[in-house]
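Read the structure below first, then the notes.
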Amino acid sequence: MLRIENLKKFLGKNVILNKVNLKVNPSEIKVIMGLNGSGKSTFLKIVAGLIQPDEGQIFINDKDITKLDPEDRNIGYVPQHPALFPHLTVKENIYYSLKNKRGSKKLADQLVEMLDLEPYLEKKTDILSGGYKSRVSLARALVSQPEVVLLDEPLSDFDLAIKEKLLEKFKKVLKFLNIPVIYVTHDPVEAQIIGDTFSVLIKGKIKEINSIEEAHQLMRKDLEEIY
């Protein structure tokens with residue numbers, strides 16, 4: 001389980017995250033929605049260890065990881081734009097963590113098959129389409145067998161038809177791992193396809209919601225108040 005307690009982050013005098021609390025269970029894909037600039041990416045980077053919170057704690061299976069370096073948290077992180085090694089092949093990117101004796105070759109082989117990457121293993125990543133770069137990015141993040149996976153709007157640059165195809169594959173792979181997942185997006189359609197449970201980040205707080213429609217209403221109200 002991933003558990004976050006009273007997380008707070010300031011930017012100057014502005015409160016970006018204000019006593020955020022969240023629990024995500026194994027095999028649960030928790031979608032967090034919110035407007036651009038609401039703090040979604042900052043929240044994920046704090047959980048991943050790329051940014052330190054000003055207050056609060058982060059636990060994985062009751063272990064406090066708040067002060068740990070990113071490489072010691074055993075968290076898979078998939079950014080909005082795939083950060084792949086362009087000089088390496090698809091196979092070398094996906095199997096990269098195995099060089100450091102982290103992860104499982106068996107799992108790597110399974111991910112390659114599930115994401116239909118076999119025909120591309122010997123190709124350099126810079127010649128791939130955006131969709132296949134996203135598949136490689138997901139596979140690389142999962143090969144090390146993380147205890148939690150964070151995805152920061154990984155499909156925001158794609159049209160709906162491509163999104164739907166990729167989201168089905170992403171969900172199948174993420175469920176296969178049976179670990180807590182946080183998926184950040186501002187797209188209600190994307191959220192509905194990938195998510196099991198839903199929250200919305202508004203005014204620095206994460207609010208649990210029962211439906212995508214409720215999220216849309218809250219986000220629209222927030223937008224009206226801003227402008």
Side-chain angles (χ1 to χ4, degrees), residues 2 24 26-27 29 40-51 60-61 65 68-159 161-185 190 193-194:
L2 172 67
V24 189
S27 195
I29 301 178
K40 303 186 302 298
S41 293
T42 298
F43 173 70
L44 282 197
K45 287 176 180 177
I46 289 174
V47 178
L50 302 173
I51 298 174
I60 296 180
N61 299 326
I65 65 163
L68 294 182
D69 292 331
E71 60 270 20
D72 296 324
R73 297 190 177 208
N74 200 21
I75 290 178
Y77 178 65
V78 182
Q80 181 173 353
H81 304 291
L84 303 174
F85 301 121
H87 62 289
L88 300 180
T89 64
V90 168
K91 183 176 182 179
E92 289 168 335
N93 268 276
I94 294 173
Y95 291 68
Y96 188 81
S97 65
L98 301 182
K99 290 184 177 181
N100 300 318
K101 298 182 179 179
R102 296 184 63 181
S104 159
K105 183 179 183 302
K106 179 181 178 182
L107 176 59
D109 293 341
Q110 289 173 317
L111 292 169
V112 165
E113 181 178 354
M114 293 176 75
L115 291 167
D116 298 326
L117 290 169
E118 298 101 320
Y120 305 93
L121 288 177
E122 302 306 323
K123 297 182 182 297
K124 296 290 181 66
T125 59
D126 58 352
I127 69 168
L128 297 179
S129 68
Y132 276 96
K133 285 180 180 178
S134 294
R135 297 186 197 204
V136 175
S137 183
L138 177 63
R140 192 179 69 174
L142 300 180
V143 164
S144 61
Q145 297 179 301
E147 294 180 272
V148 171
V149 179
L150 311 173
L151 298 101
D152 189 3
E153 303 198 65
L155 305 180
S156 61
D157 294 337
F158 303 111
D159 62 34
I162 295 175
K163 273 187 183 182
E164 288 180 345
K165 182 177 181 180
L166 289 174
L167 286 167
E168 290 175 3
K169 290 190 176 295
F170 276 31
K171 187 165 189 174
K172 181 179 179 181
V173 169
L174 294 169
K175 287 291 186 181
F176 173 72
L177 292 175
N178 194 37
I179 59 177
V181 176
I182 296 179
Y183 191 103
V184 160
T185 182
E190 190 175 343
I193 295 171
I194 193 75

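The shortest distance between side-chain heavy atoms of V184 and F43 does not fall below 4.5 Å. Counting only heavy atoms from C-beta outward, the side chains of Y77 and P146 never approach each other to under 4.5 Å. Within the 4.5 Å cutoff, no side-chain heavy atoms of V148 are placed close to those of I179. Counting heavy atoms from C-beta on, the side chains of R102 and N74 come closer than 4.5 Å. In this structure, the side chains of Y132 and V90 stay at 4.5 Å or more apart for every pair of heavy atoms. In this structure, the side chains of L111 and V173 come closer than 4.5 Å at one or more pairs of heavy atoms. For the pair K175 and S27, the minimum side-chain heavy-atom distance is below 4.5 Å. Residues I194 and L155 are not in side-chain contact: their nearest non-hydrogen atoms beyond the backbone lie 4.5 Å or more apart.
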**Asked** What do the steps show when you test L107 against V143 for side-chain contact (heavy atoms from CB on, under 4.5 Å), and what is the final call?
**Response** CA-CA 6 Å; L107 176 59; V143 164; 5.5 Å; no

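Atom CD1 of residue I60 and atom CZ of residue R73 lie 8.0 Å apart, to the nearest 0.5 angstrom. If you take OG1 on T89 and CG on L84, they are separated by 11.0 Å, rounding to the nearest 0.5 Å. Between atom CD of residue Q145 and atom OG of residue S97 there is a gap of 8.5 Å, rounded to the nearest 0.5 Å. The structure places CD1 of I75 at 4.0 Å from CD1 of I65, a figure rounded to the nearest 0.5 Å. How far CG of L88 is from CG of D126: 10.5 Å, rounded to the nearest 0.5 Å. Atom CG of residue D152 and atom OH of residue Y183 lie 10.0 Å apart, to the nearest 0.5 angstrom.
Residues that satisfy the ring pair (Phe, Tyr, Trp, His ring centres under 6.0 Å) test with Y95, not counting sequence neighbours, are absent from this structure.
Contact record, M114 with K169: O-NZ, 4.0 Å, taken as the closest heavy-atom pair. Closest non-hydrogen pair, I193 versus E164, comes out as CD1-CG, 3.6 Å. Across all their heavy atoms, I29 and K171 have their closest contact at CD1-CG, 3.9 Å. Residue N93 comes nearest to F85 through the heavy atom pair OD1-N, 2.9 Å, listed as atom of the first residue, atom of the second, then distance. V78 and S137 make their closest contact through CG1-OG, 3.7 Å (heavy atoms, listed as atom of the first residue, atom of the second, distance). Across every non-hydrogen atom of E113 and E118, the tightest pair is CA-OE2, 3.4 Å.
A 6.0 Å sphere centred on CZ of F158 holds more than 12 heavy atoms belonging to other residues, nucleotides or ligands. For K45, the NZ atom counts as loosely surrounded, since its 6.0 Å shell holds 12 or fewer non-hydrogen atoms of other residues, nucleotides or ligands.
Residue Q80 is tested with S156, S41, S134 for a side chain to side chain donor-acceptor pair (under 3.5 Å); the sole match is S156.
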